[in-house]
Structure formats: structure tokens, C-alpha cells
Amino acid sequence: MKTLDEINQYYVENTESELFKGVKNIVPGEGNPNADIMFIGEAPGAVEDKLGRPFVGPAGKFLDTLLESIGLKREDVFITNVVKCRPPNNRDPSDEEKKAFKPWLKAQIEFIDPKVFVPLGRHALANFLPNITISKVHGQIFKVGRNSRAVFVMYHPAVALYNGSYREILLSDMKNLKEYLEKEKAKEEKQLKMF
Ligand code: URA
């Protein structure tokens, strides 16, 4: 079995995208390889590009606050992006660029096998649930795909930087996420006791 570093190295060498050419650093993602929660953004920004780490700019600072609000640290979860290289001038990645990076994300998902995915914001969410409106269903769990994976719908933490009223919404949604995980844990423990 490969390690996560080996998986990342494989996709650094085998992902075909012009985006690699313009970056200071590739941003593969970081955190606990056995995490229950996997946060997935769209693409690195300027600070992430400079440091080679995901969500370490202003939006990342608020993500840290959100994690702390439910008693978690970055090291407890896994944080990555759909696209692992910063698009020039922070433009949105194209569909083609996202497609090129999908096998890499898929391999990370298979390796980590989290209990819940949290795509951050509508762009990342569209990769999992293309037909839903984030404002209507944020803070809720959806089951997707053949393996019925749990996807928790959440705004991108950057929205709270532009509009302070989203801060409380995001903090409140994090509580729902914590409750969901606690319920799942209780279910698992009940099942274990049956044996
Ligand atoms: N926004 C994202 O979507 N990803 C990052 O890594 C940073 C900001």
C-alpha cells in the first residue's frame, strides 16, 4: 500500500496541467491521513501558493477558528483543494483544469476514507452536489455516490471576511457538523456492543 506522500508524488508527476508552470509551490493538502473529516476547497490562493500549504491565508485563519469552535485542530482533519496549483491572478479554475486534478483528489479520498466531506463553498460543492443551492441547504448532510458518502454543505470561510453576518452562520453550521459526527460515533459504538 502506498503512503499519502507517495500518492501525492505520483500525481505531481502524472497530472497534466499548464497550472504547474506558473506556481511557486504545489499545494497537495495536509493533515491527519486517518481523519474523519476532509475539508475540500477549490484552489490555493496567493498565501497558499507561497507556503505550499492549504488554507493558510485569511480564509484559512477563519477555518482554524471554525475548527477550534468544535474542539478540533488542523492536525485532526485533512484539508485539501480540488485543484492543487494556484490559477494565475486567482481566477476560478476552468472545468478542464478541475478535470485534470480530479484523479488526484479521488486517490486522496480513497486513501483517507473520511466519514464526512466538507466541500468549502459552492464551487467545491458543485463537484459533489452539482444541483443544489448552498444558501438553502448549508449545515445539512447529503449522501452521495455508490458508497453513500456523507457530504456536509458549508459556505466558504472567505464569505465571512467579506460579510461579517456569515460568521455566526458558519459557526452554527460547524455545531451541526459536530452533532452529526457524535451521532455517527454513538451508532458505531452501539453496533460494536452488539458483537
Ligand atoms: N481558498 C481555497 O479554496 N483554498 C485554499 O487553499 C485557500 C483559499
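One-based numbering, in listed order, for ligands and for the atoms of each.
- For ligand 1, the atoms lying closer than 4.0 Å to a non-hydrogen atom of Gly41 are 3 (O).
- Using a 4.0 Å cut-off between heavy atoms, Ala43 contacts ligand 1 through its backbone alone, with no side-chain atom that close.
- The six-membered or imidazole ring of Phe128 lies near that of Phe117, with a centre-to-centre distance under 6.0 Å.
- Under the 4.0 angstrom criterion for non-hydrogen atoms, Asn81 is in contact with ligand 1.
- Atom CD of Glu18 has 12 or fewer neighbouring heavy atoms from other residues, nucleotides or ligands inside a 6.0 Å radius.
- With ligand atoms numbered from 1 in the order given, ligand 1 contributes 1 (N), 2 (C), 3 (O) to contacts under 4.0 Å with heavy atoms of His156.
- Ring pair Tyr155/His138 is tilted by interplanar angle, where 30° to 60° counts as tilted.
- Proximity of the aromatic rings of Phe55 and His156 is defined here by a centroid distance below 6.0 angstrom, and this criterion is met.
- Annotation: Pro54 places no N or O atom under 3.5 Å from an N or O atom of ligand 1; distance criterion only.
- Residues forming a side chain to side chain donor-acceptor pair (under 3.5 Å) with Asn127 (at least two apart in sequence, or on another chain): Lys102.
- Distance from atom 8 (C) of ligand 1 to its nearest protein heavy atom, with residue and atom name: Phe55 CE2, 3.8 Å.
- Ligand-side atoms of ligand 1 in range of Glu42: 3 (O), range being under 4.0 angstrom from any heavy atom.
- Residues passing the side chain to side chain contact (heavy atoms under 4.5 Å, CB included) test with Pro33 are Leu4, Phe111, sequence neighbours excluded.
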